[in-house]
Amino acid sequence: MVSWIISRLVVLIFGTLYPAYYSYKAVKSKDIKEYVKWMMYWIIFALFMSVETFTDIFLCWFPFYYELKIAFVAWLLSPYTKGSSLLYRKFVHPTLSSKEKEIDECLIQAKDRSYDALVHFGKRGLNVAASAAVTAAAKGQGALSERLRSFSMQDLSTIRGDTPSPVTVRAASSKNVKSKLSRSATQTSEASATTQGP
């Protein structure tokens with residue numbers, strides 16, 4: 001665990017921050033030699049970080065793995081060994097030069113496919129969002145109208161804080177009187193039908 005922490009700090013400080021500062025100085029001074037040196041370093045460091053992602057998973061159990069990573073970063077940076085320049089000139093540059101056209105074609109195809117995929121999934125996403133919004137609005141409107149139908153006018157005016165108007169009270173009381181009269185008339189007719197019997 002301690003080796004992991006130390007290797008992360010070394011890679012962060014000496015593998016990233018130190019070269020970043022000197023890359024800034026090379027760009028600022030417009031020194032082509034320094035600029036090329038740091039560009040080679042960043043290409044090798046990017047490859048190192050890509051490989052490190054997988055080797056950390058599969059080789060972390062290897063004895064002195066983290067110490068070897070520290071030594072590799074130091075070797076890359078050392079002005080005496082010029083590790084990044086050596087790796088770039090011997091391996092990376094010849095490989096990239098021979099495969100440059102294929103890589104460029106793959107990148108162009110990937111760019112076109114990603115744009116098409118983005119447009120396709122964007123349209124589908126917007127269609128799903130629009131249909132969800134319409135469905136929610138339709139359900140919400142139906143629920144609201146059902147809720148409003150369950151209230152009488154007197155209940156609605158009470159909710160608003162208004163006192164019921166005389167017209168509303170008269171209409172409600174006349175409905176109550178009519179319903180009581182119709183119930184009593186129904187009960188009377190039923191009672192007379194049972195008393196007359198067969």
Side-chain angles (χ1 to χ4, degrees), residues 1-140:
M1 182 68 176
V2 173
S3 297
W4 179 81
I5 293 171
I6 292 171
S7 76
R8 295 308 309 160
L9 285 173
V10 167
V11 169
L12 175 68
I13 293 169
F14 295 107
T16 307
L17 296 176
Y18 173 80
Y21 179 70
Y22 276 95
S23 298
Y24 157 75
K25 289 185 78 142
V27 170
K28 185 178 175 185
S29 68
K30 298 179 183 172
D31 183 4
I32 300 296
K33 188 176 178 183
E34 283 294 305
Y35 186 76
V36 169
K37 171 187 157 186
W38 288 112
M39 286 303 294
M40 287 189 290
Y41 171 81
W42 285 115
I43 292 168
I44 297 296
F45 189 74
L47 292 173
F48 165 71
M49 293 301 289
S50 302
V51 170
E52 180 194 32
T53 303
F54 299 106
T55 58
D56 278 355
I57 296 169
F58 299 113
L59 297 178
C60 64
W61 56 269
F62 191 75
F64 302 111
Y65 170 72
Y66 295 109
E67 289 80 2
L68 289 171
K69 279 176 41 175
I70 292 170
F72 181 73
V73 169
W75 179 75
L76 287 178
L77 281 172
S78 173
Y80 302 110
T81 60
K82 298 181 181 177
S84 59
S85 177
L86 178 75
L87 286 177
Y88 179 82
R89 291 172 199 257
K90 293 280 185 187
F91 301 106
V92 176
H93 181 73
T95 305
L96 289 178
S97 293
S98 66
K99 306 279 186 194
E100 188 173 2
K101 288 182 182 178
E102 292 90 359
I103 294 170
D104 288 342
E105 288 174 9
C106 287
L107 290 175
I108 290 170
Q109 289 176 0
K111 182 180 165 185
D112 293 341
R113 286 186 200 147
S114 64
Y115 177 75
D116 293 341
L118 180 68
V119 168
H120 173 71
F121 287 118
K123 284 180 182 178
R124 285 186 67 189
L126 287 174
N127 288 338
V128 167
S131 64
V134 168
T135 304
K139 285 183 179 179

**Prompt:** Where do S85 and M40 come nearest, in terms of heavy atoms and distance?
**Reply:** OG-CE, 3.7 Å

**Prompt:** Quick one: are Y41 and L76 in side-chain contact, heavy atoms under 4.5 Å?
**Reply:** yes

**Complete:** Residues pairing under side chain to side chain donor-acceptor pair (under 3.5 Å) where one sits in residues 15-28, two or more places apart or in two chains, turn out to be S23-W42

**Asked** Mind checking what makes side chain to side chain contact (heavy atoms under 4.5 Å, CB included) contact with R113, not counting sequence neighbours?
**Response** Q109

**Message:** Tell me the closest heavy-atom pair linking T81 and W75, and the distance in Å.
**Reply:** OG1-O, 2.8 Å

**Fill in**
Contacts of D31 meeting salt bridge (Lys or Arg N to Asp or Glu O under 4.0 Å) (sequence neighbours excluded), chain-then-number -> none

**Message:** Applying side-chain hydrogen bond (donor to acceptor under 3.5 Å, both in side chains), can you list everything that pairs with S78, at least two apart in sequence or on another chain?
**Reply:** none

**Request:** Return the minimal non-hydrogen interatomic distance between I13 and P19, and the atom names on each side.
**Result:** O-CD, 4.4 Å

**Prompt:** Sequence neighbours excluded, which residues qualify as side chain to side chain contact (heavy atoms under 4.5 Å, CB included) partners of V51?
**Reply:** T55

**Request:** Hey, could you give me the OH/NZ distance between Y35 and K30, rounded to the nearest 0.5 Å?
**Result:** 12.0 Å

**Prompt:** Does any pair with a residue in residues 67-88 pass salt bridge (charged side-chain N to carboxylate O under 4.0 Å, His left out), and if so which ones, sequence neighbours excluded?
**Reply:** E52-K69, D56-K69

**Asked** Do L86 and F91 come close enough that some side-chain heavy atom pair is under 4.5 Å?
**Response** no

